[in-house]
Student: 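Here it is: the structure, laid out below.
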Amino acid sequence: MIIQELNAIQKRYGYLPAEELRALAMRINVPLHRIHEVASFYPLYHLKEPPIVDVKICRDMACHLHGSANLRGNLEGYGHELDEKQIRVEGVSCLGQCDHPVAVSINDCVYWGKTEDQLRSLIRVAYQREPLPRQQADRSPLGWKIDVYGGQPNYDAVRKFVADRDADGVIKALEIAGLRGMGGAGFPTFRKWSAVRGATSDEKYVVCNADESEPGTFKDRELLRRTPHLVIEGIIMAGLVTGAKKGWIYIRHEYHDELEAFEDALQQAQEMGVCGDHILGSDLSFPIDIFVSPGGYIQGEESALLEAMEDRRGEPRNKPPYPVFSGLYGKPTVINNVETLAWVPGILKNGGEWYRDSGTNGATGMRFVSISGDVNKPGVFEVPFGQTVRELLELAGGVRGRQALKAIAPSGPSGGFLPAKIPANQLPKGFIEAKSLPADRDFDILDLTLDLPTLASLESMLGAAFVVYGQQRDMVEQALNCVEFFRNESCGKCVPCRLGSQKLVDMIGEMLARRFDRSRLNAVEEVSTAMSITSICGLGQVASNPMTSVLKYFKEDLNRYFSAAVAGHSR
Amino acid sequence: MSKTLHLTIDDRPVRVSPGTTIWQAARDHGIDIPVLCHDPKMTPVGVCRMCVVDIGTRVLAAACVRECEDGMVVRTRSPRVEQQRRVLLEWLLADHPVPCEREKTTGDCELEFLARQFGIVKSSCDAVASRQNGAARIDSSSRVIAVDHQACILCDRCIRACDEIQCNEVIGRMGRGTFTRIAFDLNDPMGKSTCVSCGECAAACPTGALTHKPITLPLVPESQTQAIDSVCPYCGVGCALTYHVFNNTIIRAEGRDNPGSEGRLCVKGRYGWDYALHHQRLTKPLIRRPEFYPKGPLSRAVKETGPSKPGGIVDYDEVLPAFREASWDEALDLVAANLLRIKKEHGPGALAGFGSAKCSNEEAYLFQKLIRAALGTNNVDHCTRLCHASSVAALLECIGSGAVTDVFGHIRHAEVALITGSNTTANHPVAATFFKQAAKRGTKLIVVDPRRPAIADFATWYCRIKPGSDVAFYNAIMHVLIYEGLIDEEYIQNHTENFTELRAVVEKYAPEYVSPLCGIEAPTIREIARTIGRSKSMMIFWGMGISQHTHGTDNARCLIALCLLTGNIGRLGTGLHPLRGQNNVQGASDAGLIPMVYPDYQPVGSEAVRQKFEAAWKAPLDPKPGLTVVEIMAAALRGDIRGMLMMGENPFLSDPNVNKVRQALARLDFLAVQDIFLTETAEFADVILPASSFLEKTGTYTNTDRRVQIGRKVLDPPGDARLDWQILCDLSHRLGYPMHYDSPEEIFAEFADLTTNYRGLNYDNLGATGKVWPCPKPMTSDGTLVLFGEGFPTPTGKGKFVPCEVAPADELPDDDFPFILNTGRILEHWHTGTMTRRASILNDLKPGPFAEAHPDDLARLGIRSGEPVTVRSRRGSIRLPVLASDSVTRGSIFIPFHFREAAANVLTNDALDPFGKIPEFKFCAVKMER
């Protein structure tokens, strides 16, 4: 209610005038602070009238590697020249266009791959209050294996379920497939579904998490645009199997094309009668609705997402209880990532084994990976689990500019960095044993197979973002970029994340300014530990990973900043 | 689910029931886990992470939110855990302003306390610089609370104190990440927000972010103050509090836990006590100088009958010259001589006394004993006549007892609660917090009131009935209940009488018939009736909107019938609760400050009762019931009442039709006024006796719940001012009826012995939290919270339906006086303003009079909001600014009656309810002009 009302007010006025908010509070009988705490939390909302041109330049990972800071400086200068008051240029968190850096949003229209000159002319267009041209992405299917209906909205799984009502069979197939959450946490999907199915509650819900906001991650974007029916069928199946009352897709507001594609597909599905009331004429009903996120990376955290849907500040909940027991409005709720749900139709059509057996190098299953950073052909790729870093780099056309590889970030900023070569003495025992490696040899990262157990044994993480760093990169500087992202996106709820993320940024900043004494490195460890074991949610718990991986693997980069400090600037 | 969980905490085996948090389990077993954001009174939020414990998982668990699990192994003090706490404390301390405002004032900064426990003297890390994002650090706009955002650790305690405890819902978080701050409303300055200055946030804050501003002397840490446990002197909720005294003056009041108020306070209780220290306190007995006879008003505001009067409290330069200081002996001799002279010349019936519901049980008891035994008349009454007399009349008639049948806090057990004719958030603010809290937790509130009260924001139904249409509305509700079979037949059969008569009367009150009378759609009436009929429990709360009508008794009879009809009495979360106005209106009535009954409602007219009291008091007593407040004033005007004693009452402002009261007071042969200030009424006095304020004496006070609590002496009376009970004893002695007591306790013992309901109670067993009467086992029990589970104290043991027909108000609007005037109170002020207008904070918050009218009416009359208008009735006129307000209905005007310069009671009608003898304060015809 509040968020929809705020959206409507902002659509009408371009911002949220205080008088409108007071009137809203009266109209829907909620306290003023309830409206203000929401309105002031989400990046989508403006509490003051925005300037004529509001330019936001992505500052994270891939865009950062492609000089977004410079671009921002230049455009700021340009804005100043044109109209200091009416053109605002500022940074923004990842817009999900990492394959075409630098991503820029002008008055909430997202552009990617534009040159600085093109952006200047777009700014002029906006400044003259003329309509901005929309950059549109291709929707056509690409012949992926996941697309088992060849781009057609077949909904075979729904049809079969309406006929046989075999919920156990569906869950079994997911179990055999070994399908895991593709949002990063990797929780077995069948477990979530059976927990919610088994829960006794008057109401249950399904939410598809399409709030893809992690820097370097843009694979759901492609699935939503090219194969929306698979996502819809996945949501419907989750709903039917668990007996849920309603399904939602929670989608980030910057995904304009994806939202449109999904809306079109949803309308088609409704017309086909595969969702909504009386599915295919049966007694089964399951409506699906769209919830457009008012913004913020933290909304991707499932309980924060639920808070947003419940009209509150999108702050993660203390867990347990987990959403499968107490989710949306305190009811049992399945929350699955876009890709997780998109795999469901294929698994139900071809059987769990089809999915399970598609892995390689001993791993099971398939996934979509977004590759960005210092590569020649960034993009989204459908790959088997277990592929090596070498194979992925080949898919992406190799490291840009024939550089040597310096590092990879196998899970965006969350997992920290892995170096091109891991010295033997840095390899965890578990990893050496699991891979039966000789104990004294450095490990070439190109040989790393990308699957969940392997990355876990390496004390790292496997996400859908695969960001590549070439030899020229300074990993301390990259760590600052990643930690700044977490600082910028911290919701501020708990003390360790709210204060710790800023402390890390301050400390790395001092390092880069050569004002940080080596003796204080233990303070960095102290902050990292406190954040990672006392923060409420994953954001705070992983925020220090980029820096701790630098401390562990990139001592040369680090040492560069200390020699000077020791020489004269020590505190 | 009643399974017991077994776990270990710090190697100690612990057994808890499911749902217990680790923090609670540890505490129950003597292990304290440090917290900053947690308060067991609030929903845990787990944001400060100070309470993290090791449960063997990768990340630590926040003990305040994490529930115990079977087999859990918890470590609360391992080095890993302590290290994280230390780190977090260092961070918080790095941003913590020094010196801390909280340490400087109340001396209880929990952050600094914890830091000391961890041996951290000064944080070793740098402050996070970007916290404020350019926003102002200090907000000093609130009159009572200082805000320092730099000291805020975002523990959300203030937010929850405001949202969950007081339910005022003003504070929230704003922004995100490192820029998160607390904000008021739409990030308004606190003093310009909807904050009602209850101070709960500042009480809850663990740091210097929200601190109380000083009222008298600068605040000093608790360790340096003398803390005296007492109760609040204002309304009938009777909140428990502690006064902090430093250098012989109060510097601060703090909420104190008791089963009724649970430590909560409102703006009056927390910040409104400095009236006792006001420079206008009377310190010497005063005798009217001969040149100021014949008697009459002295100050311009009291003298003038026209609309325009000077504002503010009385100017002593105008009134004091009429009096000379005297010794106590001379003053008391004079009072005694005159009262005895009038008694001799005109008989005891020419004398009367007004006691006060602001005085203690002991004082009320002594006062009525003096009037009855020493003067020989039952002409003794007090302001209960002006508030719940009609409710009590109906309650006594229908169920044989005038008190509440269940305590206000039990609304939490009610499925439905009807709140009618009560602006609870203003008049019983702390009770309102329990109502709002219950509504948030699922109790359905039905709010019925012609003027929209703030509590309607929390209601499932708000019914804006037409003024005076209460009987019609409730008859329609009962009509639906009866005709849809939603009544409790078994209860009616076993516990009531006269049902047939009720059914016959309500038969014609079908919702469709009543709808045009009361202005509520018939389907809504039906829906509400069904909700009541289908609920398992309903409580009814009412206030002056029900009682202050010429048909006030009828209104109350309907509410009683509604409870009897549905069997909603005698069980937890059911029953009748007329919210008592004054802090001791229940007790003053219990103590016999009523013309027709002795203490404990024993009727004056009963031969046996009279003999009992004659024996106890060793004096002959008048068998005839006395006159009531408004009747006494009328008798004074006629010359039938010639001499009066007033203890703490100010009828000039509190009684209806002020111009008539003015004539009546001037006409009295002799008037003695015993008070703490020279009130409007005292201007007519022959002798003024300087009395002690609530804060200077010890005594018991009985709140709306029937909870008898001890108010304790905090200050010495100023100058020669004396304790009221001692003044009464000395006067009685001079009247030839010696009374001697060594202490209030001795008076209480005598009073309690003469009653059934107070018997067994004494200062020892009342203790810190008091007892709810009747309390047969005071050593072990808090008292009887729910009454009448087993029938009623009526002759038949049954409750009686008394059906009522619709009756019009005494004075209806017409072409000349087209508006309906409604009078009442506001949050910041108390009755005639004697106390609150001299309490610096309260006076600053609401310094002057105002009227409220509907914006449409103002537009029609071409009057702008804030413009001064003259409001005129057939009895007089006043001039005051009018404010546009949606809370009043079209065609009506609301005026608070606290302000002498625009006394609403100049306008009100002194027509009386025939049973309760209560005046119709809530309805008279007026006009409004530029």
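Chain naming here is simple, since letters A, B, ... match the order of the sequence lines and numbering starts at 1 in each. Being a predicted model, the structure only gives us computed values, none of them experimental.
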Student: Within a 6.0 Å radius of atom CZ on A:Phe325, are there more than 12 heavy atoms belonging to other residues, nucleotides or ligands?
Tutor: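 Incorrect, the count does not exceed 12.
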
Student: Would you say B:Lys192 has more than 12 foreign heavy atoms packed within less than 6.0 Å of its NZ?
Tutor: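 12 or below, so no.
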
Student: Could you pull out the closest heavy-atom pair between A:Pro31 and B:Glu169, with the gap in Å?
Tutor: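 Heavy atoms of A:Pro31 and B:Glu169 come nearest at CG-OE1, 3.0 Å.
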
Student: Provide the closest heavy-atom pair for A:Asn318 versus B:Arg49 in the form atom of the first, atom of the second, distance.
Tutor: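 What the structure gives for the nearest pair is OD1-NH1, 2.9 Å.
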
Student: Is any side-chain heavy atom of A:Thr529 less than 4.5 Å from a side-chain heavy atom of B:Arg80?
Tutor: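 A:Thr529 does not reach B:Arg80 side chain to side chain.
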
Student: Taking every heavy-atom pair that is under 4.5 Å apart, which of B:Asp156, B:Asp163, B:Thr194 has the most such pairs with chain A?
Tutor: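 Going by pairs under 4.5 Å, I would pick B:Asp163.
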
Student: What I'd like to find out is whether the side chain of B:Leu88 reaches to under 4.5 Å of the side chain of A:Thr534, using heavy atoms alone.
Tutor: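 Yes, their side chains come closer than 4.5 Å.
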
Student: What part of B:Gln83 lies closer than 4.5 angstrom to a heavy atom of chain A: side chain, backbone, both or neither?
Tutor: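 For B:Gln83, side-chain heavy atoms alone lie under 4.5 Å from chain A.
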
Student: May I ask you to test the B:Arg176-A:Ser40 pair for a side-chain heavy-atom distance under 4.5 Å?
Tutor: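 When only atoms from C-beta onward are counted, A:Ser40 and B:Arg176 do not touch, as no gap falls below 4.5 Å.
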
Student: I need the residue from A:Ala530, A:Ser535, A:Pro496, A:Ala18 with the largest number of non-hydrogen atom pairs under 4.5 Å to chain B.
Tutor: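 Heavy-atom pairs under 4.5 Å are most numerous for A:Pro496.
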
Student: Within this structure, what is the CG-CD distance for the pair B:Asp185 and A:Glu37, rounded to the nearest 0.5 Å?
Tutor: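 The distance works out to 11.5 Å.
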
Student: Less than 4.5 Å apart, any side-chain heavy atom of A:Phe41 and any of B:Thr180?
Tutor: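 The answer is no, as the side chains (C-beta and beyond) never meet within the 4.5 Å cut-off.
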
Student: Could you pull out the closest heavy-atom pair between B:Glu69 and A:Pro320, with the gap in Å?
Tutor: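 Closest heavy-atom pair between B:Glu69 and A:Pro320: OE2-CG, 4.5 Å.
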
Student: Is any side-chain heavy atom of A:Leu499 less than 4.5 Å from a side-chain heavy atom of B:Thr178?
Tutor: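 No, their side chains stay 4.5 Å or more apart.
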
Student: Just so I understand: if I count every heavy-atom pair under 4.5 Å between each of B:Ile171, B:Thr57, B:Val65 and chain A, which residue has the most?
Tutor: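 If we count pairs closer than 4.5 Å to chain A, B:Ile171 comes out on top.
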
Student: Counting only heavy atoms closer than 4.5 Å, note whether B:Val45 contacts chain A via side chain, backbone, both or neither.
Tutor: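 When you check distances to chain A, only backbone atoms of B:Val45 fall under 4.5 Å.
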
Student: Using heavy-atom distances under 4.5 Å, tell me whether A:Val505 contacts chain B through its side chain, its backbone, both, or neither.
Tutor: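 For A:Val505, no heavy atom lies under 4.5 Å from chain B.
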
Student: Does some side-chain heavy atom of B:Leu92 sit less than 4.5 Å from a side-chain heavy atom of A:Val495?
Tutor: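 A:Val495 vs B:Leu92: side chains touch.
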
Student: Salt bridge check: are A:Glu315 and B:Arg173 linked by an N-O gap of less than 4.0 Å?
Tutor: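 A salt bridge is present here (some side-chain N lies under 4.0 Å from a carboxylate O).
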
Student: Heavy-atom distance under 4.5 Å between the side chains of A:Arg498 and B:Leu154, does that happen here?
Tutor: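 Yes, their side chains come closer than 4.5 Å.
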
Student: With rounding to the nearest 0.5 angstrom, report the CG to OH distance, A:Asn29 to B:Tyr462.
Tutor: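 Here the interatomic distance stands at 13.0 Å.
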
Student: Just give me the residue among A:Gln541, A:His33, A:Lys493 that pairs up with chain B most often, heavy atom to heavy atom, under 4.5 Å.
Tutor: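 Of the options given, most contacts go to A:His33.
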
Student: Side chain, backbone, both or neither: which part of B:Asn168 has a heavy atom under 4.5 Å from chain A?
Tutor: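 It is neither, since no heavy atom gets under 4.5 Å.
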
Student: Quick check for you: among B:Val81, B:Val170, B:Val52, which has the greatest number of heavy-atom pairs under 4.5 Å with chain A?
Tutor: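 Winner by heavy-atom pair count: B:Val170.
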
Student: Please assess A:His36 against B:Asn187 for the test side-chain contact (heavy atoms from CB on, under 4.5 Å), listing each intermediate value before the final yes or no.
Tutor: CA-CA 8 Å; A:His36 186 257; B:Asn187 195 24; 3.6 Å; yes

Student: Salt-bridge test for A:Arg22 and B:Asp188: reply yes if a basic N is under 4.0 Å from a carboxylate O, no otherwise.
Tutor: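 The answer is yes: the pair qualifies as a salt bridge.
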
Student: Looking at B:Gly172, B:Ser193, B:Gly177, B:Cys48, which one has more heavy-atom pairs under 4.5 Å with chain A than the rest?
Tutor: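 Counting heavy-atom pairs under 4.5 Å, the top option is B:Gly177.
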
Student: Side chain from CB out, backbone as N, CA, C, O: work out which of these in B:Arg85 comes under 4.5 Å of a heavy atom of chain A, or both, or neither.
Tutor: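 Looking at B:Arg85, nothing touches chain A.
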
Student: I want to check something: taking the side chain as every heavy atom from C-beta on, are B:Trp91 and A:Lys503 in contact at a cut-off of under 4.5 Å?
Tutor: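 Counting from C-beta outward, B:Trp91 and A:Lys503 do come under 4.5 Å.
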
Student: Shorter than 4.5 Å, heavy atoms on both sides: which option in B:Val47, B:Leu60, B:Leu36 has the most such pairs with chain A?
Tutor: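 Most heavy-atom pairs within the cutoff with chain A belong to B:Val47.
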
